[in-house]
Amino acid sequence: MTVHSPAPEQLGARRRNRRRALSAALVLALASALTACGSDEPSRYSRACGVVVDGSGSAAASRTGFDAEAKLKATLQKFLADNKCRKTSFAPITKVSEASKCQVSPLDLDPDTSKTADRERARTTMRAVALSNALKLLRCAQKEEPGSDVLGGLSRIALSKPSGDDASFDVLVVSDFDQGDTDFRLGRQDLSTATSRRTVIDGFLKSHGTPKLSGADIYPVGYGMKYHTDTSHYERFNAFWTELLEGRVKAHVDTTYRR
């Protein structure tokens, strides 16, 4: 049998072709690796958020209270992470919420860092700072004169809502929503029918003002806790706040963190 060996020039051409193919494969692999590395960098957060904390007597860690501190610790950091909150503002609920001296500065929860920094770790750290600040605000509010101006707390956080009808604003409200200030006590109102509730809401908003939270997402925590064993009272209470927040204020109420 006669075996024909490739001519030297053919061997050289084949080697050059293999080298070109290998080089092309390496370039593609490197490009893919660079793309993958680039995609590992988390995108920046942009959502504006608010935190409202109730410092009234019912916020205490007692048999009749809803334990605002425990609920803050259980929900705040998860809320901030779930909603990818960046600029986050805070407001208290006191007897006269809008005039309360209790305040903490807004926080940037996704601050600029060096290129080598671990961005997710930085976010986690800032969410812990947010919890610490919210607890400071709660303790300040608990030292003020007893009372619960829930609507005033919502009006105060509304000052931090970004401008523009399409601007998103997620607000965690740690409160039982039992409005009780000098001029209005929810427990004394006639909420038995849709007509009576409308009348109560009309007068309430006229005297206290309407929070500018149209389009905002409101996440209550501790909502209606005093009525958890009284179904009929809870239904009237819930109908009142649903009409006020969604019907009048034009906000959206989300029950994700309600407990």
Side-chain angles (χ1 to χ4, degrees), residues 42 44-62 65-94 97 100 102-111 118-144 148-162 167-178 211 213 216-225 228 241 245 251-259:
R44 301 300 296 274
Y45 291 168
S46 60
R47 293 183 74 86
C49 296
V51 181
V52 182
V53 295
D54 188 340
S56 65
S58 59
S62 64
F66 67 90
D67 198 347
E69 180 173 341
K71 285 180 168 49
L72 268 174
K73 290 178 178 178
T75 61
L76 179 54
Q77 292 181 88
K78 178 173 173 53
F79 162 79
L80 296 172
D82 289 349
N83 292 282
K84 298 182 178 180
C85 296
R86 185 163 186 181
K87 182 182 178 183
T88 300
S89 303
F90 304 83
I93 292 173
T94 63
S97 301
S100 173
C102 297
Q103 60 180 340
V104 294
S105 299
L107 288 175
D108 183 349
L109 303 186
D110 190 12
D118 184 333
R119 181 162 298 284
E120 193 51 49
R121 180 176 294 180
R123 291 169 176 166
T124 300
T125 298
M126 291 308 300
R127 288 194 286 266
V129 173
L131 173 59
S132 176
N133 286 3
L135 290 171
K136 289 177 184 177
L137 186 66
L138 171 64
R139 289 169 189 136
C140 177
Q142 288 175 320
K143 292 176 182 177
E144 295 206 337
S148 183
D149 179 15
V150 179
L151 201 67
L154 294 174
S155 291
R156 184 156 164 176
I157 201 64
L159 298 174
S160 301
K161 185 179 183 293
S168 63
F169 194 46
D170 300 320
V171 183
L172 186 77
V173 185
V174 182
S175 172
D176 61 358
F177 280 74
D178 187 25
L213 288 171
D217 290 300
I218 297 176
Y219 297 81
V221 180
Y223 179 88
M225 290 290 287
H228 70 282
W241 280 111
L245 294 173
H252 173 253
V253 178
D254 191 304
T255 61
T256 298
Y257 306 98
R258 183 180 294 181
R259 56 175 67 198

Exercise. Report the C-alpha separation of D176 and S58 in whole Å, then their side-chain angles, then the decisive distance to 0.1 Å, and conclude whether the side-chain hydrogen bond (donor to acceptor under 3.5 Å, both in side chains) test is met.
Key: CA-CA 8 Å; D176 61 358; S58 59; 2.8 Å; yes
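- Residues D254 and P220 share a closest heavy-atom pair of O-CD, 3.2 Å.
- Summarising the geometry of R47 relative to S168, their closest heavy-atom pair is NH2-CB, 3.5 Å, with the distance given to 0.1 Å.
- Distance check: M126 CE to T88 OG1 gives 9.0 Å after rounding to the nearest 0.5 Å.
- Considering all non-hydrogen atoms of both residues, S175 and D54 come closest at OG-OD2, 2.7 Å.
- A distance of 10.0 Å separates CZ in F90 from SG in C49, rounded to the nearest 0.5 Å.
- Listed here is the closest heavy atom pair of I93 and S148: CG2-OG, 3.9 Å.
- Residues Q103 and P92 are not in side-chain contact: their nearest non-hydrogen atoms beyond the backbone lie 4.5 Å or more apart.
- Relative to the ring axis of Y45, R123 places its NZ or CZ within 45° and under 6.0 Å from the centre.
- Counting only distance, with no hydrogens or angles, the side chain of S100 and the backbone of T94 share no donor-acceptor pair below 3.5 Å.
- The two atoms that bring L107 and V129 nearest to each other are CD1-CG1, 3.9 Å, heavy atoms only.
- The CD atom of Q77 sits 10.0 Å away from atom CG of L109, with the distance rounded to the nearest 0.5 Å.
- For the pair S62 (side chain) and G65 (backbone), a donor-acceptor distance under 3.5 Å is present.
- To the nearest 0.5 Å, atom OG of residue S97 and atom CD of residue E144 are 8.5 Å apart.
- We find that D108 and K87 are not joined by a salt bridge, their nearest charged nitrogen and carboxylate oxygen being 4.0 Å or further apart.
- A salt bridge does not link D110 to R86: none of the charged nitrogens lies less than 4.0 Å from a carboxylate oxygen.
- Of all heavy-atom pairs between A251 and I218, the closest is CB-CD1, 3.7 Å.
- Rounded to the nearest 0.5 Å, atoms CZ (R127) and CZ (F79) are 12.0 Å apart.
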